[in-house]
Chemist: 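Below is the structure I would like to discuss, written out as structure tokens.
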Amino acid sequence: MSKQLAELLAKDRIITQAQFAEAAEAAKSGGSYVRYLIEKKVVAEAKLLFYLGQKFHLPTINLLKYEIKPEVLKLIPGDLSRKYGAIPIQSNKGTLVVAICDPTQAHGLEDLKFSTKLNIESVLTFHTAFDQTFAKFYGGAQVASAAFESFKTQKKEEARVDAASGTGGGEINLEIAQIHDIDSGNSDQDTAPVITLVNGILSEGIRKMASDIHVEPYEKRFRVRMRVDGVLSEILQIPPEMRRAVIARFKIMSRMDIAESRIPQDGRIKLKAGGKEMDFRVNSMPTLFGEKVVLRLLSQGNLQLDLMKLGFEAKQLEVFKKGIYCPNGLVLVTGPTGSGKTTTLYSALTELNQVSDNLSTAEDPVEYNLEGINQCQINKDVGLTFAAVLRALLRQDPDTILVGEIRDFETAEVAVQAALTGHLVLSTLHTNDAASTITRLINMGLEPFLVVASLNTIVAQRLLRTICAKCKIEAPVPKEKLLQFGLTADEVAKGTFLKGKGCTNCNNTGYKGRVAIYEVLDFSPTLKEMVLRGESIIDIKKQAVREGMKTLRQSALSKAAEGKTTLEEAISLTMEN
């Protein structure tokens with residue numbers, strides 16, 4: 001859509017000069033004047049079509065309801081259709097009828113007349129109908145460009161608001177840090193809009209500090225969602241016609257086999273954003289209507305490796321450090337996927353990383369590169385399993401070993417043997433709380449006496465959303481309710497309970513960022529005796545609490561009382577004591 005058309009609308013007072021200026025500002029980032037006006041509902045499409053029909057004395061049609069024969073489409077190639085904004089719809093006796101949506105660009109029709117050697121007549125149609133028809137018959141590059149123009153316009157407006165309020169990070173420029181098969185700077189006209197769209201999605205994920213990006217195909221729609229502070233939200237709808245091109249672009253960038261769509265694949269994308277390296281761990285999976293791609297964002301700059309800043313309370317940190325500073329034994333961190341287990345273990349490794357010690361890891365995948373630590377990537381296809389790598393590492397003169405996850409009896413057995421033979425072993429497990437880890441190990445097949453002899457410390461953790469600092473307000477809670485939830489009278493008296501009102505800084509959620517909460521179990525002699533006697537996990541947990549362990553629920557409530565998170569968040573993400 002041309003600047004000339006927008007000027008005409010302003011001249012005829014269809015829009016105001018202020019609205020024209022706003023559209024001009026949007027167009028500076030590569031957007032379209034009139035498309036911006038339509039999306040912002042400044043101009044209704046039906047009204048615009050009627051106005052242009054009257055102004056230029058042209059008939060109007062709804063292109064979506066018009067059947068176009070394949071032989072007619074061949075009369076104008078896709079590049080010329082895009083260049084002149086004209087789609088052929090009918091040919092008869094030397095005359096070609098084309099559908100257009102910007103009659104101010106009609107001078108280009110003379111060039112079409114010359115190239116097709118046919119008389120050209122034009123009819124008007126809706127802008128959206130034009131784009132959808134172009135996507136249907138010419139591969140959709142125009143729609144991808146339009147979709148991203150809309151996306152950029154929306155994000156530019158958000159950035160302007162952020163700049164005015166002193167929040168946000170503005171635009172992010174991406175630089176490919178590793179060479180890919182297709183260079184975004186040398187792409188043809190058909191693929192450039194797809195590349196721009198994909199780069200825009202990656203940039204937005206970085207700007208929002210998302211942990212994951214989901215690119216999801218469905219029968220009638222194709223959407224992009226991002227997980228920010230643990231919550232998924234939709235940020236973009238892409239025309240379904242574009243799904244193959246967009247998915248292919250992600251697979252090319254992550255060095256996957258684009259010809260293979262029947263099985264899951266894994267890959268990585270390495271980019272530079274704002275001078276910082278950003279890794280995207282990419283997984284594709286076949287679904288009913290095409291491949292779904294999920295990207296996990298791994299930023300070295302966002303990795304917090306200071307144990308003091310992770311969220312441990314003073315006593316919890318003391319117990320955890322006691323466990324990791326033992327010369328041998330097993331330290332386990334438990335919790336669901338995305339609860340920050342890897343960050344906690346990396347922080348422990350960083351704490352232990354000395355020139356005098358040999359630290360090695362077995363990971364699937366290696367998420368961050370840690371200087372001074374020998375990291376090994378698991379590869380099941382060649383027999384490089386956790387157990388196999390762990391056995392190899394034991395012949396590498398290790399002091400401390402990190403095993404990415406204990407998934408089966410074989411890995412658990414080798415880890416315990418390593419812990420019993422003078423090595424410190426750090427690992428993760430998927431359990432709901434610290435005490436349940438003991439039962440999980442025994443259910444895997446380990447003898448209780450081996451668990452008791454090898455285990456030092458168990459840490460269960462979760463991530464809670466923190467209240468947005470820009471819009472936090474007081475949220476008084478009845479004292480009786482607080483006591484009922486399990487807060488002590490002292491915590492109730494001293495507590496400051498807040499919530500987020502919602503602002504542009506937090507996308508009106510009231511939350512910005514996350515903080516970890518912990519349940520740290522010191523495997524004391526009393527607890528070991530209870531395990532050997534075969535006592536229930538409930539009794540073991542009660543004894544741990546009597547010995548000073550703070551449960552996840554208690555830790556969450558403490559964070560709420562400190563004004564770091566809301567009471568609702570603390571209750572919803574933790575179980576009863």
Side-chain angles (χ1 to χ4, degrees), residues 167 209 228-231 304 306-321 333-336 338-341 343-344 347 432-435 458-522 541-577:
T167 62
M209 293 187 291
V228 179
D229 296 335
V231 178
Q304 176 55 261
D306 187 346
L307 279 175
M308 300 293 291
K309 296 178 181 178
L310 287 182
F312 282 106
E313 296 181 15
K315 187 175 180 180
Q316 291 177 330
L317 184 58
E318 182 183 336
V319 174
F320 184 57
K321 281 191 172 183
V333 180
T334 78
S339 59
K341 300 188 298 296
T343 300
T344 300
S347 300
N432 290 325
D433 58 16
I458 307 171
V459 178
Q461 70 179 82
R462 298 288 187 278
L463 292 176
L464 298 182
R465 290 180 295 171
T466 52
I467 300 169
C468 176
K470 299 285 184 181
C471 63
K472 59 184 178 183
I473 57 174
E474 287 194 20
V477 184
K479 188 178 295 184
E480 299 77 18
K481 188 176 181 180
L482 295 173
L483 294 170
Q484 180 185 347
F485 282 136
L487 284 167
T488 65
D490 187 51
E491 285 176 321
V492 171
K494 296 180 180 179
T496 304
F497 294 91
L498 306 172
K499 69 177 181 179
K501 187 178 178 182
C503 64
T504 56
N505 183 54
C506 61
N507 290 322
N508 293 311
T509 63
Y511 297 98
K512 184 73 172 179
R514 290 194 286 179
V515 65
I517 56 168
Y518 297 93
E519 179 178 285
V520 185
L521 187 151
D522 186 3
K541 184 170 184 177
K542 286 180 179 178
Q543 178 59 30
V545 171
R546 283 194 290 270
E547 292 180 4
M549 183 186 80
K550 199 167 188 177
T551 66
L552 284 169
R553 169 61 64 87
Q554 291 169 337
S555 296
L557 291 172
S558 294
K559 289 288 189 285
E562 293 169 10
K564 292 182 179 179
T565 191
T566 62
L567 192 61
E568 292 76 15
E569 181 78 356
I571 298 299
S572 65
L573 290 186
T574 57
M575 298 188 302
E576 291 286 355
N577 299 345

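Numbers for residues simply follow the sequence, beginning at 1. Predicted, not measured: the structure shown is a model, and the values here were computed from it.
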Chemist: For a 4.5 angstrom cut-off between non-hydrogen side-chain atoms, does K559 reach V515?
Modeler: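 The answer is yes; the side chains approach within 4.5 Å.
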Chemist: Compare every heavy atom of L307 with every heavy atom of S347, then report the nearest pair and how far apart it is.
Modeler: CB-CD2, 3.7 Å
Chemist: Drop me the distance from L464's CG to L573's CG, to the nearest 0.5 angstrom.
Modeler: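 L464 CG to L573 CG: 5.5 Å, rounded to 0.5 Å.
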Chemist: Within the 4.5 Å heavy-atom criterion, are K472 and K499 side-chain neighbours or not?
Modeler: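 They are not in contact (no side-chain heavy atoms under 4.5 Å apart), so the answer is no.
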Chemist: Could you state the interatomic distance from CG (L521) to CD (Q543), rounded to the nearest 0.5 Å?
Modeler: 10.5 Å
Chemist: For residues L498 and T496, determine if any side-chain heavy atom of one lies less than 4.5 Å from a side-chain heavy atom of the other.
Modeler: yes
Chemist: Are K315 and E313 ion-paired here, with the side-chain N under 4.0 Å from a carboxylate O?
Modeler: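 Result for this pair is no, no salt bridge flagged.
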Chemist: Among all residues two or more places apart in sequence or in another chain, which pass the side chain to side chain contact (heavy atoms under 4.5 Å, CB included) test with E568?
Modeler: T566
Chemist: With sequence neighbours left out, what residues match L463 under side chain to side chain contact (heavy atoms under 4.5 Å, CB included)?
Modeler: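 R514, A516.
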Chemist: Between L552 and Y518, which heavy-atom pair has the shortest distance, and what is it?
Modeler: CD2-C, 3.9 Å
Chemist: Nearest 0.5 angstrom please: I473 CD1 to C468 SG, how far?
Modeler: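 I473 atom CD1 to C468 atom SG measures 11.5 Å (nearest 0.5 Å).
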Chemist: Residues in ring pair (Phe, Tyr, Trp, His ring centres under 6.0 Å) with Y511, at least two apart?
Modeler: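 Here no residue qualifies.
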Chemist: Less than 4.0 Å between a side-chain N and a carboxylate O, is that true for D433 and K541?
Modeler: yes
Chemist: Give a yes or no answer on whether the side chain of E569 reaches the backbone of R465 with a donor-acceptor pair at less than 3.5 Å.
Modeler: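 Yes: the side chain of E569 pairs with the backbone of R465.
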Chemist: Do you know the tightest heavy-atom contact between Q461 and T344?
Modeler: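 Closest heavy-atom pair between Q461 and T344: OE1-OG1, 2.7 Å.
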Chemist: Check whether any side-chain heavy atom of R462 sits under 4.5 Å from a side-chain heavy atom of S555, and report yes or no.
Modeler: no
Chemist: Contact between K564 and S558 at the side-chain level, heavy atoms closer than 4.5 Å - yes or no?
Modeler: no
Chemist: Ignoring hydrogens, what is the shortest heavy-atom contact between L557 and A570? Give both atom names and the distance.
Modeler: N-CB, 4.2 Å
Chemist: Strictly distance-based, threshold 3.5 Å: is any side-chain N or O of T466 a donor or acceptor partner for the main-chain N or O of T565?
Modeler: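 No: the side chain of T466 does not pair with the backbone of T565.
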Chemist: Do T334 and V459 come close enough that some side-chain heavy atom pair is under 4.5 Å?
Modeler: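 They are not in contact (no side-chain heavy atoms under 4.5 Å apart), so the answer is no.
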Chemist: In sequence, state the C-alpha distance, the side-chain angles, and the governing distance for V231 and T509, and then conclude on side chain to side chain contact (heavy atoms under 4.5 Å, CB included).
Modeler: CA-CA 10 Å; V231 178; T509 63; over 6 Å; no
Chemist: What is the distance from atom SG of C471 to atom NZ of K501, rounded to the nearest 0.5 Å?
Modeler: 8.5 Å
Chemist: Show your working on side chain to side chain contact (heavy atoms under 4.5 Å, CB included) between L482 and L567 and close with a plain yes or no.
Modeler: CA-CA 9 Å; L482 295 173; L567 192 61; 3.8 Å; yes
Chemist: With no hydrogens and no angle check, is any side-chain donor or acceptor of E519 less than 3.5 Å from a backbone partner on A434?
Modeler: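 Yes.
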Chemist: What pair of heavy atoms forms the shortest contact from K550 to Q554, and how long is it?
Modeler: CA-OE1, 3.4 Å
Chemist: Restricting to non-hydrogen atoms, name the atom on M308 and the atom on L317 that form the minimum distance, rounded to 0.1 Å.
Modeler: SD-CD2, 3.2 Å
